[in-house]
Amino acid sequence: MSISTKYNPKEVEQKWYDSWMQRGFFHSEPNPNKEPYSIVIPPPNVTGVLHMGHMLNNTIQDILIRRARMQGKEACWVPGTDHASIATEAKVVAMLKERGISKKDLTREEFLTYAWEWKEKYGGIILEQLKKLGASCDWDRTRFTMEEDMSAAVIEVFVDLYRKGLIYRGVRMVNWDPLGGTALSDEEVLPKETMARMYHLQYEVVDGASSEPAYITVATSRPETIMADVAVAVNPKDSRYTHLHGKKVRIPLLGREIPVILDEYVSVDFGTGALKVTPAHDLNDYELGQKHRLPTIDILNNDGTLNEQAKLYVGQDRFAARRNIVKDLQEADLLVKIEEYQSVLQTSERTGAVIEPRLSMQWFCKMDDMAAPALEAVLNDDIRLYPPKFKNMYRAWMENIRDWCISRQLWWGQRIPAFYLPNGSFVVATTAEEALELARGESGDSQLQLSDLRQDEDVLDTWFSSWLWPISVFNGFKDPDNKDILYYYPTNDLVTAPEILFFWVARMIMAGYEFRKEMPFKNVYLTGIVRDAQGRKMSKSLGNSPDPLDLIEQFGADGVRAGMLFSSPAGNDLLFDEKLVEQGRNFTNKIWNAFRLIKGWEVDESLPCPNETAISWFESRFNEAFVQIEDHFSKFRISDALLAVYKLVWDDFCSNYLEMIKPAYQQPIDKRTVDETVRLLENVLKVLHPFMPFITEEIWHELKTRKQKEFLIVAAWPKKDKFDKDIIQKMEHVLHVVGAVRNTRNSKNIPNNKQLDLYMKVANQESYISFMPILHKLGNLNEVRFVEENLESGVISFVVGSDEFFIPMEGNIDVAAERERLTKELEYTKGFLASVDKKLSNERFVSGAPEAVISAERKKKADAEARISAIEQSLAGL
RNA sequence: GGGGUGUUAGCUCAGCUGGUUCAGAGCACCUGCCUUACAAGCAGGGGGUCACUGGUUCGAAUCCAGUACGCCCCACCA
């Protein structure tokens with residue numbers, strides 16, 4: 001035979017992917033005769049490259065979409081990328097810097113030209129990589145969140161929400177990223193545990209009377225902000241400071257006088273019980289400031305350096321300023337002590353910079369109203385989260401939702417459609433022309449020109465476009481009644497990482513109800529995080545993240561797909577180990593060799609079929625497994641579904657079925673067995689296909705000649721069918737007997753190729769008849785026959801169920817060893833019987849337990865008794 | 001600080017409505033095999049007081065309470 005003993009994925013994968021594409025199997029159009037099934041991809045950043053998280057995520061989506069396609073649904077998986085404003089802008093800035101160009105020297109238009117150039121050249125690599133994985137996306141539908149129609153939808157939504165009063169502009173305390181030079185939403189901020197320092201500073205009490213200066217000690221982690229202090233607050237109940245009520249203190253170094261204020265908010269037992277109030281640079285202080293009508297002094301520039309208002313350290317970075325002021329305070333003897341303590345630093349998710357709480361004019365989206373139906377939908381299971389533990393998290397977040405800061409001080413993104421009039425007021429409109437008309441109306445100045453209007457410089461948060469994704473990919477804004485959106489929306493399943501549950505999933509649900517009055521998807525499957533074998537998160541800096549393309553190169557896409565899934569129960573993190581992928585690769589090889597065996601058979605049409613039992617057994621076994629597999633799918637237990645298929649293929653089909661039917665070496669095989677085996681294998685290939693699309697398609701075509709469009713990718717998914725439980729049980733019993741024979745062989749060091757005889761003293765001979773050939777073959781037995789009496793000597797005996805078996809041994813057997821083995825088994829069985837007896841003699845059990853349980857217990861007793869007498873007889877015969 | 005969730009074999013995890021498919025799977029491990037589909041393999045095997053303590057029950061890995069440890073999410077103590 002010329003087929004290689006090892007499966008070679010490389011050429012096979014490219015061949016079939018091209019073939020599928022060419023025949024348009026991935027493409028979907030609304031078809032009223034078919035049930036729609038749609039998934040929108042979580043659009044990866046356009047700057048992104050494929051990492052292990054994408055691999056897992058997209059493998060799962062592909063499995064779902066392929067299965068749906070085979071189920072005869074109109075399966076549509078929409079791919080695309082996200083413009084990722086901060087990440088992309090940062091890349092473009094870096095690229096420009098390399099070319100010696102500074103963003104500052106460019107106009108907005110020039111910068112965007114570079115950015116688009118960059119996007120066209122480097123963007124979307126990740127989509128090409130997904131093809132290598134086998135992703136069967138409808139590539140004709142590829143979208144990008146910043147393409148014209150998508151951006152138009154974003155602007156339209158902004159205007160709509162503004163007019164509904166759900167978007168407003170205002171000065172608020174926001175999370176400022178000094179490195180990115182932009183505001184961020186609360187979700188884009190990551191807390192980071194760090195050791196921080198608490199500085200205890202002396203504020204001199206202003207008191208004309210005494211000549212000796214008096215001080216109050218204030219604890220702060222940010223001494224560089226003292227120049228922005230407007231008060232020192234103490235708890236009114238704090239007796240230590242009663243004498244300071246109504247007094248003023250002087251800011252160290254600066255000397256500016258600020259009042260001592262009283263507020264319950266201050267904890268008596270934290271720090272020194274005295275809090276410096278810096279409204280411009282801390283949210284709590286801001287609120288205190290509002291309450292006590294204090295001024296705000298903002299001493300920071302956009303980039304985190306100190307401005308003129310600070311008076312000291314002007315122009316220095318906030319951290320440099322901190323070092324310097326600490327030194328100066330020390331020298332002035334105003335620093336009492338420094339304490340180390342565990343604290344949480346807020347950092348930017350994108351740039352890693354320490355976030356500066358900062359008062360700033362931004363755009364916000366009101367969330368309360370939109371959150372209500374979105375929360376309801378999840379609580380009442382209209383939308384289901386898998387695993388369901390995320391429901392609680394979702395609820396907690398939605399119930400405490402805060403307004404969303406949607407403006408970003410960047411250029412790459414959808415520009416906010418607000419236009420300012422010379423008088424400082426503004427109008428919001430989708431186009432400048434429309435804005436002009438509005439502006440003329442509102443200002444009463446009919447002479448206003450376009451050039452008088454100035455559009456807001458900011459762009460919108462990327463998520464403000466992503467949250468529309470399930471609607472906008474089907475053009476649901478531009479053309480709300482088009483046939484795509486009517487057919488595919490709501491989509492069916494969303495597969496994504498729990499990290500973006502709030503960023504994205506929750507907001508999509510809100511957008512779905514707000515703009516289409518309908519959920520965006522029915523199920524949300526949240527995958528785990530891919531970690532390394534030690535449980536560490538994969539990261540570039542640790543270098544523990546394998547390159548997915550290398551893995552595919554090495555193990556084949558099918559192997560990698562299977563490997564990823566071997567250990568990824570829903571919602572649990574996946575501890576990735578190359579061994580898993582190896583196991584996946586080995587699995588492809590196993591399948592390949594099963595195929596080689598079948599392919600190599602020579603058919604003799606004159607032969608009768610000796611394998612009816614094996615055939616109907618596997619048929620039943622397949623149907624039994626299929627029910628389990630479908631059940632796993634229905635619960636999004638993809639990993640368990642794969643494992644069930646794995647065992648069906650490896651254990652049932654290969655180790656058992658094929659071994660039962662395969663003819664002796666170089667012997668021909670009958671036609672019926674071959675036909676049936678091919679048919680059975682076809683079913684196996686079908687359930688395997690979503691997991692391992694390439695090798696299954698390859699074998700599908702190699703197995704027999706197929707018609708034009710007869711591809712596995714569109715073959716009919718099996719239907720649930722009744723199965724014969726009886727034959728499955730009997731086979732299991734027979735396989736136990738086979739196991740016992742093999743065990744005997746192994747423990748007595750009898751070579752595999754030496755045939756043995758087997759005598760069977762069984763209760764029901766009938767039930768063995770049709771399995772005799774199988775017993776012969778798998779046990780490698782010579783004579784097999786029923787006996788009525790125990791064989792007395794020179795035999796090894798064993799019991800399966802309550803049937804006894806004897807294998808005559810040539811030469812002497814080790815009587816002592818046999819006796820020991822049987823005695824052990826006897827003891828165990830007696831113990832077992834005793835426990836059953838105890839149960840049955842317990843009146844409360846007999847009266848309390850259901851009938852089925854009691855009769856099961858009785859059967860146990862009978863079996864055990866039969867076993868005991870069998871073993872005892874064997875012992876007596878030794 | 002609030003909420004969630006977990007603890008079962010060396011590792012990763014199943015175990016749905018308490019009772020023979022209740023102590024399981026995969027990997028790892030051990031033994032023996034180059035038996036013509038497959039050594040990326042075949043056959044067999046060992047291994048767990050189901051975290052701890054109490055309770056409910058005829059019966060608990062499974063239900064309840066508490067304890068310990070872990071993880072996740074949220075949160076403005078300087």
Side-chain angles (χ1 to χ4, degrees), chain A residues 1 3 5-7 173 186 191 198 218-222 233 265-267 269-278 282-288 343-344 346 357 387 389-397 400 498-499 501-502 529 533 535 555 559 566-569 571-575 577 579-580 582-601 631 635 637 639-640 643-644 646-647 654-655 658-659 662 665-666 729 732 738-739 742-747 749 751-753 780 839 842-850 852-854 856-857 859-860 863:
Chain A
M1 191 194 307
I3 313 172
T5 146
K6 303 244 190 305
Y7 170 63
M173 193 57 98
D186 295 337
M198 184 75 87
V218 172
T220 179
S221 58
R222 304 203 54 193
Y265 165 77
V266 182
S267 312
D269 50 9
F270 190 88
T272 61
L275 167 72
K276 71 188 212 54
V277 181
T278 320
D282 184 278
L283 180 59
N284 297 308
D285 290 11
Y286 176 69
E287 278 161 10
L288 269 180
S343 171
V344 176
Q346 303 294 335
K389 67 176 176 188
F390 287 107
K391 216 166 138 174
N392 276 318
M393 249 168 72
Y394 180 86
R395 175 166 66 185
W397 192 74
N400 299 296
E499 299 154 312
L501 183 59
F502 306 133
I529 297 167
F555 298 100
F566 275 133
S567 182
S568 60
N572 273 10
D573 289 355
L574 177 150
L575 269 51
D577 191 327
K579 275 195 175 142
L580 291 170
E582 215 171 285
Q583 193 190 344
R585 189 267 321 263
N586 293 354
F587 187 35
T588 59
N589 209 43
K590 185 69 184 176
I591 298 161
W592 183 248
N593 280 299
F595 155 70
R596 281 181 60 232
L597 173 67
I598 295 166
K599 182 79 177 171
W601 282 334
D631 183 55
K635 293 169 183 155
R637 306 175 68 132
S639 180
D640 291 313
L643 215 56
Y646 181 82
K647 282 193 262 188
C654 294
S655 297
L658 288 179
E659 291 299 331
K662 98 178 173 192
Y665 180 54
Q666 286 190 332
Q729 263 167 25
E732 206 173 287
V738 171
R742 286 170 172 169
N743 187 5
T744 306
R745 210 186 268 287
N746 243 313
S747 60
N749 278 322
N752 290 320
N753 54 12
N780 193 19
K839 238 188 219 180
N842 181 340
E843 250 177 67
R844 294 213 275 179
F845 170 72
V846 180
S847 59
V853 174
I854 294 170
E857 244 11 72
K859 183 169 185 322
K860 273 200 239 176
D863 281 356

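Convention: sequence-line order gives letters A, B, ...; per-chain numbering from 1.
- For the pair A/Y265 OH and B/rC76 P, the interatomic distance rounds to 10 Å; values are reported in whole Å.
- Contacts of A/V266 with the nucleic acid, taken as non-hydrogen atoms under 4.0 Å apart, include base atoms.
- Not a single donor-acceptor contact under 3.5 angstrom links the side-chain atoms of A/K579 to the base of B/rC27.
- Dashed line: the shortest gap from a side-chain N or O of A/R585 to OP1 or OP2 of B/rA40 is not under 4.0 Å.
- Taking for each of A/T588 and A/N392 the nucleotide of RNA chain B with the nearest heavy atom, the 5'-most of the two is the partner of A/N392.
- The partner of B/rG59, taking Watson-Crick or G-U wobble pairs whose two distances both stay under 3.5 Å, does not exist in any strand shown.
- Using N1 to N3 plus N6-O4 or O6-N4 for Watson-Crick, or N1-O2 and O6-N3 for G-U wobble, each under 3.5 Å, B/rA43 pairs with B/rU31.
- Contact annotation for A/K859: no contact, since no heavy-atom pair falls under 4.0 Å across all strands.
- When rounded to the nearest whole Å, the span between CG of A/L597 and P of B/rC42 equals 13 Å.
- Comparing the same atom, C1', in B/rG45 and in B/rU49 gives a spacing of 23 Å after rounding to whole Å.
- Across all strands, A/L283 comes closer than 4.0 Å to no nucleic acid atom at all (heavy-atom distances).
- Summarising the geometry, the separation between CE on A/M393 and C1' on B/rC71 is reported as 12 Å, rounded to the nearest angstrom.
- Spacing of C1' atoms, B/rC22 relative to B/rC16, comes out at 14 Å, to the nearest Å.
- Atoms CG (A/L643) and C1' (B/rG24) sit 12 Å apart, rounded to a whole Å.
- When the P atom of B/rC58 is taken as reference, atom CG of A/N842 falls 9 Å away, rounded to whole Å.
- Rounding to whole angstrom units, CZ of residue A/F270 and P of B/rC76 are separated by 15 Å.
- Between A/K860 and A/E857 there is a salt bridge, with a side-chain nitrogen of the basic residue lying less than 4.0 Å from a carboxylate oxygen of the acidic one.
- The separation between A/F390 atom CZ and B/rC71 atom P is 17 Å, rounded to whole Å.
- If you check every strand for non-hydrogen atoms under 4.0 Å, A/A219 touches a base.
- For the pair A/R585 and A/F555, the tightest heavy-atom approach, listed with the atom from each and the gap, is CG-O, 3.6 Å.
- B/rA23: no Watson-Crick or G-U partner with both key distances under 3.5 Å is found in any strand.
- The base of B/rC38 is not paired with the side chain of A/T5 by any donor and acceptor separated by under 3.5 Å.
- Across all strands shown, nothing is found opposite B/rU36 as a Watson-Crick or G-U wobble partner with both distances under 3.5 Å.
- Atom C1' of B/rU20 sits at a distance of 33 Å from the matching atom of B/rG66, rounded to the whole Å.
- Under the Watson-Crick or G-U wobble criterion, with both distances below 3.5 Å, B/rG54 is paired with B/rC64.
- Spacing between B/rA28 and B/rC11 at atom P, rounded to whole Å, works out to 15 Å.
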Shorter than 3.5 Å, N or O on both sides, protein versus nucleotides 15-19 of chain B: list them out with atom names.
from, atom 1, to, atom 2, distance (Å)
B/rG15, OP1, A/R637, NH1, 3.0
B/rG15, OP1, A/R637, NH2, 3.1

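- Contacts of A/G273 with the nucleic acid, taken as non-hydrogen atoms under 4.0 Å apart, include base atoms.
- Across A/V266 and A/L275, no two heavy atoms sit closer than the pair CG2-CD2, 4.1 Å.
- Looking at heavy-atom distances under 4.0 Å, A/T220 makes contact with sugar-phosphate atoms alone, never a base.
- Summarising the geometry of A/A533 relative to A/D577, their closest heavy-atom pair is CB-OD2, 3.9 Å, with the distance given to 0.1 Å.
- Regarding contacts with the backbone of B/rC72, every side-chain N or O of A/K389 stays at 4.0 angstrom or more from both OP1 and OP2.
- Here the P atom of nucleotide B/rA43 and the CG atom of A/N780 are 14 Å apart, to the nearest Å.
- Separation of the P atoms belonging to B/rU12 and B/rU7 is 12 Å when rounded to the nearest angstrom.
- In this structure, B/rG48 makes no Watson-Crick or G-U wobble pair, since no nucleotide meets both defining distances under 3.5 angstrom.
- One donor-acceptor pair, N or O on each side, does fall under 3.5 Å between the base of B/rA37 and the side chain of A/E659.
- For the C1' atoms, the distance linking B/rU53 with B/rC69 amounts to 15 Å, nearest Å.
- Contact annotation: A/K590 reaches the phosphate of B/rC42 (side-chain N/O to OP1 or OP2, under 4.0 Å).
- Heavy-atom distances to RNA chain B give each of A/N589 and A/K276 a nearest nucleotide, and the one nearer the 5′ end belongs to A/N589.
- With both ends at atom C1', the span from B/rA9 to B/rU5 equals 23 Å, rounded to whole Å.
- Under 4.0 angstrom from either OP1 or OP2 of B/rC72 there lies no side-chain N or O belonging to A/Y394.
- The two atoms that bring A/F566 and A/L643 nearest to each other are CD2-CD1, 4.0 Å, heavy atoms only.
- Checking B/rU5 for Watson-Crick or G-U wobble geometry (two distances, each under 3.5 Å) identifies B/rG70 as its partner.
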side-chain hydrogen bond (donor to acceptor under 3.5 Å, both in side chains) between A/K590 and A/T588: does it pass, once the steps are laid out? CA-CA 5 Å; A/K590 185 69 184 176; A/T588 59; over 6 Å; no
